[in-house]
Amino acid sequence: MTERLSPERTAAWRAYIEASQRLFTQLEDDLRTDSELSFADYHVLVLLSEAPGQRLRMGELAGRLVFSPSRLTYQISSMQKRGLVARQSCPEDRRGSEAVLTAAGLLALREAAPHHLRSVRVHLMDDLDDAEVACLTRVFERLGRRLRADRDASSTPADK
């Protein structure tokens with residue numbers, strides 16, 4: 001049985017969705033203007049930079065980004081053409097492949113990070129009201145905890 005939301009909760013969710021869409025659209029625009037990276041490019045580079053050996057299996061990368069395999073294949077191909085990532089066969093699984101961060105990708109990430117962080121702060125402070133900021137902050141904190149837990153769980157004791 002599906003729970004029905006009250007009109008107040010429906011309005012709150014609608015406000016949250018509209019605020020987050022507005023925020024992410026603006027962040028995407030700012031990131032492209034400052035660094036020529038898309039929001040998806042940026043997050044692929046972040047995850048690869050934090051991965052052991054700066055490489056992740058394509059399936060694991062798709063799962064962490066909540067991308068479909070076809071969307072991730074397109075994303076990686078686009079980034080590969082620009083020299084930001086390389087794609088290599090996976091040593092443990094000959095049929096699988098890994099995305100590998102290149103030196104150019106690491107440089108692009110380092111250059112984009114300050115612009116991205118500044119843009120997040122600007123838009124959170126200027127465009128959203130207190131309730132929207134609080135809601136998005138909770139979502140980002142929860143997501144950050146989940147990603148850290150996933151990363152810790154996937155690393156071996158030798159990596160720590």
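- The minimum heavy-atom distance between A108 and L37, with the atom names listed, is O-CD1, 4.0 Å.
- Note: R87 CZ to T73 OG1 = 5.0 Å, rounded to the nearest 0.5 Å.
- Rounded to the nearest 0.5 angstrom, L45 CG and L84 CG are separated by 5.5 Å.
- Sparse packing is recorded around CD of E36, with 12 or fewer heavy atoms of other residues, nucleotides or ligands lying under 6.0 Å away.
- Using a cutoff of 4.0 Å between basic side-chain nitrogens and carboxylate oxygens, R22 and E18 are not scored as salt-bridged.
- Taking the charged nitrogens against the carboxylate oxygens, R118 and D34 do have a contact shorter than 4.0 Å, which makes a salt bridge.
- Between the side chain of T33 and the backbone N or O of D29 there is at least one donor-acceptor pair closer than 3.5 Å.
- Minimum interatomic distance between V85 and I76 (heavy atoms only, all atoms of both residues): CG2-O, 3.9 Å.
- By the 4.5 Å heavy-atom criterion applied to side chains, V44 and Q75 are counted as neighbours.
- Annotation for A99 and L61: closest pair CB-CD2, 3.9 Å, computed over non-hydrogen atoms.
- Counting non-hydrogen atoms of neighbouring residues, nucleotides and ligands closer than 6.0 angstrom, the CZ atom of R110 reaches no more than 12 such neighbours.
- Aromatic ring orientation, H116 versus H43: perpendicular (interplanar angle above 60°, classes split at 30° and 60°).
- A cation-pi arrangement is present between R71 and F67, with the terminal nitrogen or guanidinium carbon under 6.0 Å from the aromatic centre and inside a 45° cone about the axis.
- The heavy-atom pair separating A51 from L56 by the smallest distance is CB-CG, 3.6 Å.
- Contact check for L106 versus Q54: side-chain heavy atoms found under the 4.5 Å cut-off.
- The minimum heavy-atom distance linking T102 with G83 is given by the pair OG1-O, 2.6 Å.
- Using a 4.5 Å heavy-atom cutoff, the side chains of M58 and E98 are not in contact.
- Counting only heavy atoms from C-beta outward, the side chains of R32 and S38 approach each other to under 4.5 Å.
- Using a 4.5 Å heavy-atom cutoff, the side chains of D41 and R82 are in contact.
- How far NE2 of H115 is from OG of S35: 7.0 Å, rounded to the nearest 0.5 Å.
- A distance-only check finds no donor-acceptor pair linking the side chain of S89 to the backbone of S97 [under 3.5 Å].
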